[in-house]
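Inspection log for the structure reproduced underneath, given as C-alpha cells.
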Number of protein chains: 2
Amino acid sequence: MPLLSPSAMSRKARTDREQIITIAVELADRRGVEGITLADIATRLNVRIPSLYNYIAGLDDVRRGVTLLVLVRLGDTLREVVAGHSGDDAVRALAHAYRAFAHEHPGWYAAVEAAPRYMDAEAQAAGAQPVQVVVSILAHYGLQAEDALHAVRALRSVVHGFVSLEVHHGFGLALDLDESYARLIDLFIRGLHAGQNGNKRQS
Amino acid sequence: MPLLSPSAMSRKARTDREQIITIAVELADRRGVEGITLADIATRLNVRIPSLYNYIAGLDDVRRGVTLLVLVRLGDTLREVVAGHSGDDAVRALAHAYRAFAHEHPGWYAAVEAAPRYMDAEAQAAGAQPVQVVVSILAHYGLQAEDALHAVRALRSVVHGFVSLEVHHGFGLALDLDESYARLIDLFIRGLHAGQNGNKRQS
DNA sequence: CTTATAAACTAATATAGTTAGTTTATAGCG
DNA sequence: CGCTATAAACTAACTATATTAGTTTATAAG
C-alpha cells in the first residue's frame with residue numbers, strides 16, 4: 001500500500017520520498033530544519049512513523065533533502081531578481097532579495113544557515129546556485145580570478161552576517177533595520193570601488 | 001547532601017548552580033550549547049539527573065547560564081585585545097580576536113550565535129559587552145550618534161558573517177581564508193573612510 | 001489463483017528531558 | 001543529646017523523540 005494514491009506501483013519510492021520532503025519543507029518553513037519531526041510528517045500522511053523508513057534513511061536524510069530543495073529555491077529567487085540588473089544595482093537587488101527571502105521564510109533560511117551540517121561539500125555543490133549568482137554579478141566589476149572569489153566571500157559575509165543577526169534578533173537597539181542594511185550595502189559597494197585600483201592590502 | 005563538599009549548608013544553591021554551569025560550559029566548548037545534556041552533567045557530578053533540578057529550572061536554564069558566561073568571556077577577550085589600539089588598528093585587532101575566539105572555541109561561538117534563542121533582550125544586555133567594545137572603537141572615527149550605531153551593526157555583520165560561514169564550513173572553494181578575511185576587513189575600513197564625508201546614501 | 005514483494009503495521013529499544021513523590025542526612029534548636 | 005524542619009538526594013514513572021526488527025497485508029504480475 002503506497003502512502004496515498006494506489007496508482008502506479010513500481011518504482012514509486014522516488015515519488016513518495018518527494019512527498020515526504022515536500023511536507024518536511026512546509027514544516028521547516030515554520031519551525032526550521034531542526035524543528036522537523038517524523039511524528040508530524042507521519043500524522044500529515046495518516047501513517048505510522050516507521051512506515052516512513054520505507055522511503056527515507058532517517059531524519060537527517062529528510063533534513064538533507066529539505067536543505068537541498070531550499071538551497072535551490074533561494075538560488076532560483078536570487079537569479080530571477082538579479083536578472084536585468086548589473087553593477088551596483090545588481091548588488092543592491094541581490095542583497096535585498098536575500099534579506100527578503102529570510103524574512104518571508106525564516107525556517108528556510110535556518111536551513112540555508114545549517115546547510116553544511118547536513119550536506120557535504122559535493123552535495124552542496126548541487127545547490128550552490130546562490131554562489132554562482134554572486135560570481136556573475138561581481139564579474140562586471142572587472143575583478144580578476146582570485147580577487148573575484150575573495151569579493152564573493154566578502155559579499156556573502158556581509159549579507160549573511162546582517163540577515164543572520166537580524167532574524168535571530170541579535171540587534172538589540174531600537175534603530176531602523178532597513179536603514180542599517182542599506183548603509184551596510186552602500187559601505188560594501190564603496191569599499192569595492194575604493195579597492196578597484198590597488199586591491200592589495202597595505203600591511 | 002550537597003552536590004560535592006559538605007561544607008557550608010545554607011544558601012548553597014547559588015554555589016552548586018555555578019558548579020553545574022561551569023561543567024556545562026566545558027561541555028559546550030566541545031559540542032556547542034545544543035550539545036549539552038543533563039546526563040553528562042549528572043555523570044560528571046556523580047549524581048542522578050533529577051538531582052540537578054534542585055539547582056536549575058531545566059536544560060534551557062543551563063543553556064541560558066552558559067550563554068551569559070560565554071558572552072562575558074568574549075566581551076572580556078575583545079576588550080583586552082582592543083585596549084591600546086585605536087582607529088584602523090583597533091578594528092583589525094578586534095576582527096582578528098573575534099575570529100580567533102571562534103576558532104579556539106567553536107562550541108562557545110555557537111553559543112554566541114544562538115544567544116538570542118535563550119536570552120531575552122534584557123538578559124542579553126548583561127552580556128552585551130562585545131557591542132560596547134565596538135562602539136568605543138568606532139567613536140574614534142568621528143561618527144555621530146546614529147551613524148555610529150549603524151556602523152556598529154555593519155562591523156558586527158561583517159565580522160560575524162565571515163566567521164559564521166567559515167566555522168560552519170560554508171565556504172566551499174579551496175581559497176585562503178586568512179587572505180579572504182583580511183581583504184574583507186580592509187574593504188570594510190575603506191568603505192568607512194570613503195563614507196566619512198557624505199555618509200548619506202545616494203538613492 | 002497463486003505468489004512474490006512492496007508497504008504498511010506492531011512491538012520493542014534507546015536516548016532525551018521532566019515531574020512526582022519518597023527517603024535521608026544534617027543543621028539548628030530546645 | 002535528641003528532636004525536628006528541611007535541603008538535597010533518590011527512585012519511579014511519564015513524555016517525546018528516533019530507530020530497528022519482525023510481522024502482516026494488500027496487490028501486481030504471472
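Chain letters run A, B, ... following the sequence lines, proteins first, then strands; residues in each count from 1.
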Study note, to complete from the structure: Heavy-atom nearest nucleotide on DNA chain D taken for A:A57 and for A:D40; more 5' hit belongs to A:D40
Check your understanding: Do any side-chain nitrogens or oxygens of A:Y53 fall under 4.0 Å of OP1 or OP2 in D:dA21?
Key -> no
Exercise for review: Tell me whether the OP1 or OP2 atom of C:dA16 has a side-chain N or O from B:T37 closer than 4.0 Å.
Suggested key: no
Review point. Is B:H96 close to B:I185 at the side-chain level, that is, under 4.5 Å between some pair of heavy atoms?
Key: no
Review point. Between atom CD1 in A:I49 and atom P in D:dT20, what is the gap in whole Å?
Key: 14 Å
Check your understanding: Which of the following nucleotides, C:dT19, D:dT19, C:dC9, is nearest to the side chain of A:L38?
Key -> D:dT19
Revision key, fill the gap. Considering only heavy side-chain atoms of A:N54, the closest of C:dA8, D:dT17, C:dT18 is C:dA8
Review point. When you measure from the side chain of A:S51, which nucleotide among C:dT19, C:dA8, C:dT10 comes out closest?
Key: C:dA8
Exercise for review: Measure from the ring center of B:Y141 to the ring center of B:H193 and say whether it is less than 6.0 Å.
Suggested key: yes
Study note, to complete from the structure: Taken in chain and number order and not counting sequence neighbours, the residues that satisfy salt bridge (Lys or Arg N to Asp or Glu O under 4.0 Å) with A:R44 are A:E26
Exercise for review: Using atom CD1 of A:I56 as one end and atom C1' of C:dA8 as the other, report the distance to the nearest whole Å.
Suggested key: 15 Å
Practice item. To the nearest 0.5 Å, tell me how far A:D40 CG sits from A:L45 CG. Key: 11.0 Å
Study note, to complete from the structure: In whole angstroms, the gap separating C1' of D:dT6 from OH of B:Y55 amounts to 13 Å
Review point. B:L59 has an atom CG; how far is it from atom C1' of D:dT15, in whole Å?
Key: 15 Å
Review point. Could you state the CD1-C1' distance from A:I41 to C:dA8, rounded to the nearest angstrom?
Key: 17 Å
Review point. Can you check the A:L52 CG to D:dT20 C1' distance for me, whole Å?
Key: 14 Å
Check your understanding: Counting side-chain heavy atoms from C-beta on, which of C:dA8, D:dA18, C:dT19 comes nearest to B:P50?
Key -> C:dT19
Review point. OP1, OP2 of C:dT10 versus side-chain N and O of A:R48: anything below 4.0 Å?
Key: yes
Exercise for review: Could you tell me whether B:Y109 and B:H105 have their ring centroids closer than 6.0 angstrom?
Suggested key: no
